[in-house]
Engineer: 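Sharing a structure below in structure tokens format, with a few things to ask.
Every chain is numbered from 1, with letters handed out A, B, ... down the list of sequences.
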Protein chains: 2
Amino acid sequence: MNVMNESPRRKELTRQAAQLFVQEGFDRTTVRMLAQEMGIKSGSLFHHFRDKQEILAAVIEEGTQNALVMARDALARCDSSADARLHAMARAHLETLLTDRNAHVVALYEWRRLDPEARAHLSHLRDAYETLWEQVIDEALAEGLIHGDRFLVSRFVMGALNWTVRWYDPEGPRTPDDLADELVAMITRRPA
Amino acid sequence: MNVMNESPRRKELTRQAAQLFVQEGFDRTTVRMLAQEMGIKSGSLFHHFRDKQEILAAVIEEGTQNALVMARDALARCDSSADARLHAMARAHLETLLTDRNAHVVALYEWRRLDPEARAHLSHLRDAYETLWEQVIDEALAEGLIHGDRFLVSRFVMGALNWTVRWYDPEGPRTPDDLADELVAMITRRPA
DNA sequence: CGTTTACACTAGCGCTTGCTTGGTTGACCC
DNA sequence: GGGTCAACCAAGCAAGCGCTAGTGTAAACG
């Protein structure tokens, strides 16, 4: 059992697991269902993952890692004005939420099913991401672009953004960038 | 099996079930755990509820029903200015989220575990609540208190509010009213 | 060539799950 | 004081669960 590796095979299996976790929820997804989706038998699954928990952790790690990379890239690519950076973060957030939807839905809904060790490890990743947000919020506050409590504003913004997975329809008329722009407009006191 | 009634006994059992569902998640909560928490044996549980699903539906119905009543009362109690009504809705929302926290956390996290019939029934309740919000948002838009797309603004606000169950600490320095006021300030373009 | 390695299989163990069945208890009612 | 009824219990069934053990196989390696 080569449990620790980052093989492309394992990446693909993780992606398929995410799909099922979204459809059925973690607890209702059996190892037999996972195996069938992957085109193997349930026993073979444990060649790639130590146990079912590890599959969940892999899914969430993937999604969070990607979000962090996307956000850092987006910040690196834009100028230093708080407005530009706020837009960049919001757009990057919504873009990962779309392209990597399954993994993020799992991260949002099944976080509590992680065992304590996995949770501790993944908390660091998530904290790094949230710190990015707080920095950008701080800059916007410093420039007078927005007002209010830094802690509360960043929580409110994260909530508004994450809630989109509940109602956003990719087939609808609105693009993720539309949402991002409207949200930033809403909190920066400029007409949309 | 007196399944349909609204006995006070059943209300109390529902409250205890909500507690467990929050702690363990619906799927991980066994009927034996529920029975123990209720001080009865697992078999006796099915005297009060048809099956495990019905307990979940009862928990969510309770919470949503209460939220609807609270919101309507709050609106009835305040004057007709959009600002006052916006505050009233936000405060009422956060107050139920606090006093009825268990039921609302279950509604937010375990909604997808409902079977189709229960979901259809409860959707109406939830829609009624969301319609209230959209009306108040409409009034605020009409008065020029806020700007933007009615649909998007109400979704963003609901997201920001519902996300609070993730991070809000009732023991902390902030009251629910503080949060409500800060949120309204954030979207109405007035300094906090 | 023989050995190793990655990946898959079959078969099933030990346990837990939601739920059923058949029966007991005690409070209330005419 | 016999009948009714809500509330509970003891016992257990059939199904499904995560996971393990042991084996097969084909490609890669020296």
Side-chain angles (χ1 to χ4, degrees), chain A residues 1-60 106 110 112-119, chain B residues 1-60 106 110 112-119:
Chain A
M1 312 184 183
N2 56 338
V3 160
M4 298 317 207
N5 70 356
E6 289 287 322
S7 70
R9 179 86 177 115
R10 185 171 144 132
K11 270 246 166 89
E12 172 62 12
L13 297 181
T14 301
R15 216 184 47 77
Q16 289 175 305
Q19 164 84 21
L20 261 181
F21 287 162
V22 169
Q23 274 175 36
E24 307 288 331
F26 176 70
D27 290 318
R28 290 208 152 136
T29 304
T30 70
V31 294
R32 281 165 248 259
M33 292 164 67
L34 287 165
Q36 186 167 29
E37 183 84 3
M38 296 166 178
I40 58 179
K41 300 294 176 178
S42 70
S44 313
L45 208 157
F46 296 90
H47 174 71
H48 301 279
F49 303 93
R50 198 191 332 263
D51 53 24
K52 195 186 164 192
Q53 281 275 340
E54 201 183 72
I55 309 178
L56 177 61
V59 168
I60 295 182
V106 171
E110 313 285 358
R112 307 151 42 86
R113 273 66 179 174
L114 288 168
D115 55 40
E117 308 119 58
R119 200 181 312 201
Chain B
M1 311 184 184
N2 56 338
V3 159
M4 297 316 205
N5 70 357
E6 289 287 326
S7 68
R9 179 82 178 120
R10 184 171 145 132
K11 270 247 166 92
E12 171 62 13
L13 296 181
T14 301
R15 216 185 48 77
Q16 289 175 308
Q19 164 84 20
L20 261 181
F21 287 162
V22 169
Q23 273 176 37
E24 306 289 332
F26 175 70
D27 290 319
R28 291 213 153 135
T29 303
T30 69
V31 293
R32 281 165 248 261
M33 293 163 68
L34 287 165
Q36 186 167 29
E37 183 84 3
M38 296 167 179
I40 58 179
K41 300 295 175 178
S42 72
S44 312
L45 209 158
F46 296 91
H47 173 72
H48 300 279
F49 303 92
R50 196 190 335 262
D51 53 24
K52 195 186 165 193
Q53 280 274 341
E54 202 182 72
I55 309 178
L56 177 61
V59 167
I60 295 182
V106 171
E110 314 285 359
R112 307 149 44 85
R113 273 63 176 176
L114 288 168
D115 55 40
E117 309 119 58
R119 202 181 312 202

Engineer: Could you check whether any side-chain N or O of Glu110(A) sits under 3.5 Å from a backbone N or O of Leu56(A), counting only pairs where one atom can act as donor and the other as acceptor?
Structural biologist: no
Engineer: To the nearest Å, how far apart are Gln36(B) CD and dC8(D) C1'?
Structural biologist: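 Distance check: Gln36(B) CD to dC8(D) C1' gives 16 Å.
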Engineer: Provide, to the nearest angstrom, the distance between the CZ atom belonging to Arg10(B) and the P atom belonging to dA6(D).
Structural biologist: 14 Å
Engineer: Can you sort out which residues in residues 23-33 of chain A have a heavy atom within less than 4.0 Å of DNA chain D? Ascending by number, please.
Structural biologist: Thr29(A), Thr30(A), Val31(A), Arg32(A)
Engineer: From the set dC19(C), dA8(C), dT10(C), return the single nucleotide nearest to any side-chain atom of Phe46(B).
Structural biologist: dC19(C)
Engineer: Under 4.0 Å between any heavy atoms, over every strand shown, what does Lys41(B) touch: base, sugar-phosphate, or nothing? Just pick one.
Structural biologist: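 Since only primed, P, OP1 and OP2 atoms lie under 4.0 Å of Lys41(B), the category is sugar-phosphate.
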Engineer: How about Gln23(A): does its CD atom have over 12 heavy atoms from other parts shown lying under 6.0 Å from it?
Structural biologist: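 More than 12 within 6.0 Å, yes.
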Engineer: What heavy-atom pair brings Lys52(B) and Asp27(B) nearest, and what distance separates the two atoms?
Structural biologist: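 Result for this residue pair: NZ-O, 3.7 Å.
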Engineer: Under 4.0 Å between a side-chain N/O of Ser44(B) and OP1 or OP2 of dA7(D), yes or no?
Structural biologist: no
Engineer: Could you say whether Asp51(B) or Ile40(A) is positioned toward the 5' end of DNA chain C, judged by the nucleotide with the nearest heavy atom to each?
Structural biologist: Ile40(A)
Engineer: What is the separation between atom CG on Leu45(A) and atom P on dG18(D), rounded to the nearest whole Å?
Structural biologist: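 Nearest whole value for this atom pair: 10 Å.
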Engineer: Could you tell me how far apart Leu34(A) (CG) and dC19(D) (C1') are, to the nearest whole angstrom?
Structural biologist: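 After rounding, the reported distance stands at 13 Å.
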Engineer: Would you mind telling me which of dC8(D), dC19(D), dG18(C) lies closest to the side-chain atoms of His47(B)?
Structural biologist: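 Among dC8(D), dC19(D), dG18(C), the one nearest the side chain of His47(B) is dC8(D).
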Engineer: Is there a side-chain contact between Leu45(A) and Ile55(A) in this structure, where contact means two heavy atoms from C-beta onward sitting under 4.5 Å apart?
Structural biologist: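 Yes. Closest side-chain heavy atoms under 4.5 Å.
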Engineer: Considering just the side-chain nitrogens and oxygens of Arg9(B), establish if one lies under 4.0 Å of OP1 or OP2 belonging to dC8(D).
Structural biologist: yes
Engineer: Can you tell me which nucleotide in dC8(D), dT10(C), dT20(D) comes closest to the side chain of His48(B)?
Structural biologist: dC8(D)
Engineer: Can Glu12(B) and Arg15(B) be counted as an ion pair, charged N to O under 4.0 angstrom?
Structural biologist: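 A salt bridge is present here (some side-chain N lies under 4.0 Å from a carboxylate O).
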Engineer: When the distance from NZ of Lys52(A) to P of dG16(D) is rounded to whole Å, what number comes out?
Structural biologist: 15 Å
Engineer: Please give, in whole Å, the distance from dA7(D) P to Met38(B) CE?
Structural biologist: 13 Å
Engineer: First locate atom CZ of Arg119(B), then atom CD of Gln53(B), and finally report the distance between them rounded to the nearest 0.5 Å.
Structural biologist: 9.0 Å
Engineer: Taking all atoms of both residues into account, what is the closest heavy-atom pair of Gly25(A) and Arg113(B), and its distance?
Structural biologist: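 Smallest interatomic distance, heavy atoms only, reads CA-NH2, 3.1 Å.
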